[in-house]
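In what follows, a single structure is set out as structure tokens and then discussed.
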Amino acid sequence: MSEPAYIQDIGGYEGKTVTVQGWVADKTDKGKLQFLRVRDGTGVIQATLFQKAVPPEAFDLAKHVAQESSVVVTGEVRKEPRAPGGYELSVSDMHAVQLARGEFPITPKEHGIEFLMQNRHLWLRSSRQHAILRIRATIIRAIRNWLDDNGFLLVDTPILTPAAVEGTTTLFETDFYGEPAFLTQSGQLYNEANAMAFGKVYCFGPTFRAEKSKTRRHLSEFWMVEPEWAFGTLDDYMNVAEQMVSYVVQTVLQERATELKALERDTTFLEKIVPPFPRISYDEAVEIIRARGDANFKWGDDFGAPDETLISEQFDRPVFVHHYPTDMKAFYMAPDPIRPAVCLSADLLAPEGYGEVIGGGQRSDNLEYLEAQLLKHNLPRAPYEWYLDLRKYGSVPHCGFGLGVERTVAWICKLDHVRETIAFPRMLEKIMQ
RNA sequence: UCCGCGAUAGCUCAAUCGGCAGAGCAUGCGGCUGUUAACCGCAGGGUUCAAGGUUCAAGUCCUUGUCGCGGAGCCA
């Protein structure tokens with residue numbers, strides 16, 4: 001038996017005979033000549049079988065093998081400009097591991113989204129999904145690398161939580177030994193405890209929101225990275241976030257050019273993603289909306305999707321919108337000391353209409369203010385007692401933010417919908433595979 | 001939760017005014033030594049989402065329901 005090889009390394013085997021183990025992605029029958037496109041998860045290579053060059057059983061197999069049958073193909077690696085990828089396998093022998101039973105649902109032709117989502121477990125085998133999920137993996141690795149290299153310690157926060165962080169209507173409830181427990185909406189409050197212990201920390205994990213949101217930017221289960229650090233201010237947060245996001249985008253440009261090209265992503269937009277990012281206040285954002293969109297937009301209202309698009313369209317880079325009205329944001333956001341009606345928060349809006357990819361800001365370090373905020377938001381004190389402790393024992397200014405992985409992937413890949421950015425999306429009231 | 005659109009062959013879709021259920025792709029068989037969205041020929045393939053109603057006649061019109069898609073609100 002010849003040397004086993006992965007398709008991604010095939011260029012290093014030119015002139016040698018190798019064995020590729022994979023699946024039949026596609027084929028062309030030319031009579032006495034068969035072309036198979038074989039996929040092994042690392043890539044696709046064209047395997048060419050001439051009738052007189054292979055055993056009769058192998059040729060018969062190639063002629064009749066159905067799409068997505070698993071096969072082992074042995075042949076000589078040849079440089080071949082006519083083949084996709086530039087290399088081709090001149091097959092000397094081939095056998096099947098398992099012949100696909102019946103027709104593979106996902107053909108090289110077009111399909112509707114409903115059908116594709118029903119067959120998500122099989123759709124993952126297609127080249128477009130490969131490109132997206134490889135870029136996702138690179139984005140996650142780049143985020144981790146940047147944080148690890150910049151002094152942030154990974155301290156993961158719990159997924160099962162006893163109480164709501166920001167209200168209860170959007171929580172998934174579970175039965176925890178007979179007591180209600182909720183799937184986490186954010187690691188934020190725990191992050192603050194960790195930041196007071198370790199200085200600079202981050203958590204990275206799944207997050208759950210039972211929101212009745214049925215849009216192209218919402219998932220019920222999504223991944224979020226949340227850095228949090230002591231002695232950090234609103235400006236520090238924006239500096240860190242723009243460095244991290246720029247690093248992520250540049251890493252994808254360097255390492256995933258093939259995948260971006262497969263997605264037909266215009267990378268000129270991505271190449272511009274370098275610090276500094278423009279920063280505007282909520283007040284200024286309202287002016288933009290009033291001037292170019294809704295003239296009657298009320299100060300204190302949250303931005304809708306069209307408003308966010310309008311704002312982000314004014315810039316060629318992601319834009320921070322800071323100093324939101326205090327009443328609009330979570331109870332723990334620090335109010336501006338000079339103008340308490342606004343708080344030291346900022347969201348990062350991605351370009352090209354992708355909306356909010358980061359939310360964050362400076363947290364209040366004041367015990368009395370937080371006690372008052374709990375009352376104002378009708379939150380019970382007992383579950384937050386430990387959180388208030390953080391303001392009793394060496395409270396310091398601190399800040400942090402949360403970046404939504406799926407929205408970031410959708411933006412960088414320029415996808416219509418976040419459902420393709422994760423292998424098995426969990427969407428509103430829908431859980432299939 | 002609200003608004004809009006849709007459901008016909010395995011898939012993507014067509015079917016005029018209410019009048020014989022169609023195409024392309026996929027599949028099967030045959031042909032072809034450079035295909036790569038191949039090409040050429042032949043063949044098979046239908047509870048028109050469900051239930052009810054109007055009609056001589058319903059894929060088409062009406063009612064209800066189910067599911068899907070798009071958008072809004074809310075959020076990352």
Side-chain angles (χ1 to χ4, degrees), chain A residues 25-38 44-54 59 62-64 66-67 78 80-86 88 90 100 102-119 122-123 127 165-167 169-170 184-188 206-226 241 301-308 324 328-330 347-350 354-360 401-411 416-419 421-422 427-430 432:
Chain A
D26 191 18
K27 66 169 186 164
T28 307
D29 181 351
K30 279 284 297 168
K32 294 187 177 69
L33 169 61
Q34 301 292 328
F35 295 102
L36 302 183
R37 258 76 63 193
V38 177
V44 179
I45 190 166
Q46 176 160 280
T48 308
L49 292 87
F50 289 100
Q51 186 167 27
K52 60 183 181 184
V54 297
F59 191 80
K63 194 176 178 72
H64 296 288
Q67 189 189 353
R78 275 195 10 256
E80 172 55 76
R82 286 172 296 186
E88 188 176 78
S90 287
E103 188 184 340
F104 190 68
I106 313 236
T107 65
K109 289 287 183 173
E110 58 183 333
H111 297 289
I113 191 64
E114 179 184 3
F115 179 79
L116 290 169
M117 288 309 301
Q118 279 168 0
N119 291 283
L122 303 176
W123 188 20
S127 58
V165 173
E166 305 166 39
T169 53
T170 61
T184 181
Q185 272 190 316
S186 163
Q188 218 245 252
T207 303
F208 307 88
R209 305 263 169 105
E211 287 161 6
K212 299 284 187 190
S213 305
K214 183 180 150 51
T215 80
R216 63 180 66 183
R217 356 171 129 167
H218 285 86
L219 294 172
S220 298
E221 175 184 305
F222 65 97
W223 286 67
M224 186 157 69
V225 59
E226 295 176 275
D301 282 354
D302 208 348
F303 304 134
D307 303 322
E308 285 186 353
Y324 280 86
M328 246 177 64
K329 290 291 178 181
D347 290 351
L348 183 69
L349 307 183
Y354 279 91
E356 185 182 347
V357 289
I358 287 179
F401 64 95
L403 176 141
V405 170
E406 286 74 15
R407 285 187 183 176
T408 303
V409 176
W411 161 48
D416 293 338
H417 201 296
V418 290
R419 64 189 156 211
T421 64
I422 187 166
M427 291 176 292
L428 179 60
E429 287 167 1
K430 219 164 27 180
M432 294 196 289

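A, B, ... follow the sequence lines: proteins, then strands. Residue 1 opens every chain.
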| query | What is the distance from CG of A/L49 to P of B/U36, rounded to the nearest Å? | reply | 17 Å
| Side-chain donor-acceptor pair present, A/T170, A/R209, cut-off under 3.5 Å | no
| request: Name the pairing partner of B/A38, where a pair is Watson-Crick or G-U wobble with both distances under 3.5 Å, or state none. | output: none
| query | Hey, is A/E308 close enough to A/R217 for a salt bridge, meaning N to O under 4.0 Å? | reply | yes
| message | Test side-chain hydrogen bond (donor to acceptor under 3.5 Å, both in side chains) on A/H417 and A/T421; report intermediate values, then the result. | response | CA-CA 8 Å; A/H417 201 296; A/T421 64; over 6 Å; no
| Atom P, compared across B/A26 and B/C69: separation rounded to whole Å | 27 Å
| Stepwise, does the side-chain hydrogen bond (donor to acceptor under 3.5 Å, both in side chains) test hold for A/T28 with A/R37? | CA-CA 9 Å; A/T28 307; A/R37 258 76 63 193; 3.0 Å; yes
| field | Base partner of B/A50, which must satisfy Watson-Crick or wobble distances under 3.5 Å | value | B/U64
| task | Would you mind reporting whether A/M117 and A/M427 have side-chain heavy atoms less than 4.5 Å apart? | result | yes
| Note, A/I422 side chain near A/W223 side chain (heavy atom, < 4.5 Å) | yes
| query | Nucleotide by nucleotide, 5' to 3', does protein get under 4.0 Å of the base (B), only the sugar-phosphate (S), or neither (-) in nucleotides 29-35 of chain B, counting heavy atoms? | reply | S--BBBB
| Atom C1', compared across B/G44 and B/U60: separation rounded to whole Å | 28 Å
| said: Main chain of A/F50, side chain of A/Q34: is a donor-acceptor contact present, judged purely on distance under 3.5 Å? | reply: no
| field | Whole angstrom value for the distance that separates P of B/C75 from CG of A/L349 | value | 14 Å
| query | Just checking A/A305: base, sugar-phosphate only, or nothing, at a heavy-atom cut-off of under 4.0 Å? | reply | sugar-phosphate
| To the nearest angstrom, how far is A/D416 atom CG from B/C69 atom C1'? | 13 Å
| message | Between B/C67 and B/A50, how many Å separate the two C1' atoms, rounded to a whole number? | response | 11 Å
| query | On a whole-Å scale, what distance lies between the C1' atoms belonging to B/G68 and B/G28? | reply | 32 Å
| field | Gap separating the NZ atom of A/K32 from the CD atom of A/Q51, nearest 0.5 angstrom | value | 6.5 Å
| message | Contact between A/V418 and A/H218 at the side-chain level, heavy atoms closer than 4.5 Å - yes or no? | response | no
| message | Tell me which nucleotide, if any, is Watson-Crick or G-U wobble paired with B/U1 when both distances must be under 3.5 Å. | response | B/A72
| Could you give the CG-to-C1' distance, from A/L219 to B/C74, as a whole number of Å? | 15 Å
| request: Provide the distance between the two P atoms, one in B/C13 and one in B/C17, to the nearest whole Å. | output: 22 Å
| message | Need one value for A/I106: base, sugar-phosphate or nothing, where a base atom within 4.0 Å counts as base even if backbone is also close, heavy atoms only. | response | nothing
| note | Whole-Å distance, A/E356 CD to B/C74 C1', equals 11 Å
| field | Side chain A/R217 and base B/C74 donor-acceptor under 3.5 Å | value | no
| request: Assign A/K27 to base, sugar-phosphate, or nothing according to its heavy-atom contacts below 4.0 angstrom with the strands shown. | output: nothing
Please tabulate, one pair per line, each protein N/O and nucleotide N/O from nucleotides 45-50 of chain B that are separated by under 3.5 Å, including the distance.
none

| message | If I take atom CZ from residue A/F303 and atom OH from residue A/Y324, how far apart are they, to the nearest 0.5 angstrom? | response | 5.0 Å
| Within less than 4.0 Å of OP1 or OP2 of B/U1, is there a side-chain N or O belonging to A/K214? | no
| request: Figure out the NE2/P separation between A/H218 and B/C74, and round it to whole Å. | output: 10 Å
| remark: B/S/- along nucleotides 4-11 of chain B (protein heavy atoms under 4.0 Å) is -------S
| said: Mind checking if A/T408 touches a base, just sugar-phosphate, or nothing, with heavy atoms under 4.0 Å? | reply: nothing
| What does A/G304 touch in the nucleic acid at a heavy-atom separation under 4.0 angstrom: a base, only the sugar-phosphate, or nothing? | sugar-phosphate
| message | Rounding to an integer number of angstrom, what distance separates B/C40 and B/C5 when you compare their P atoms? | response | 40 Å
| Who pairs with B/C11 - Watson-Crick or G-U, where each distance is under 3.5 Å | B/G24
| note | The residue, A/I113 or A/T215, whose nearest nucleotide of RNA chain B is more 5′ is A/I113
| said: Would you say A/Q67 and A/D26 are linked by a side-chain donor-acceptor pair, where the criterion is simply a distance under 3.5 Å? | reply: no
| field | Lys/Arg-Asp/Glu bridge criterion (N-O < 4.0 Å) met for A/D302, A/K329 | value | no
| request: Between B/U66 and B/C11, how far apart are the P atoms? Round to whole Å, please. | output: 23 Å
| query | Atom CD of A/E356 and atom CG of A/D347: how far apart are they, to the nearest 0.5 Å? | reply | 3.5 Å
| field | Value in whole Å for how far the C1' atom of B/U12 lies from CH2 of A/W123 | value | 15 Å
| message | Side-chain N or O of A/R419 versus OP1/OP2 of B/G70: is the shortest distance under 4.0 Å? | response | yes
| Spacing of the P atoms in B/G70 and B/A23 (rounded, Å) | 31 Å
| Any idea which heavy atoms bring A/A241 and A/I358 closest together, and the distance? | CB-CD1, 4.0 Å
| Value in whole Å for how far the C1' atom of B/G73 lies from CE of A/M328 | 14 Å
| What is the base-pairing partner of B/U16, counting Watson-Crick and G-U wobble geometry with both distances under 3.5 Å? | none
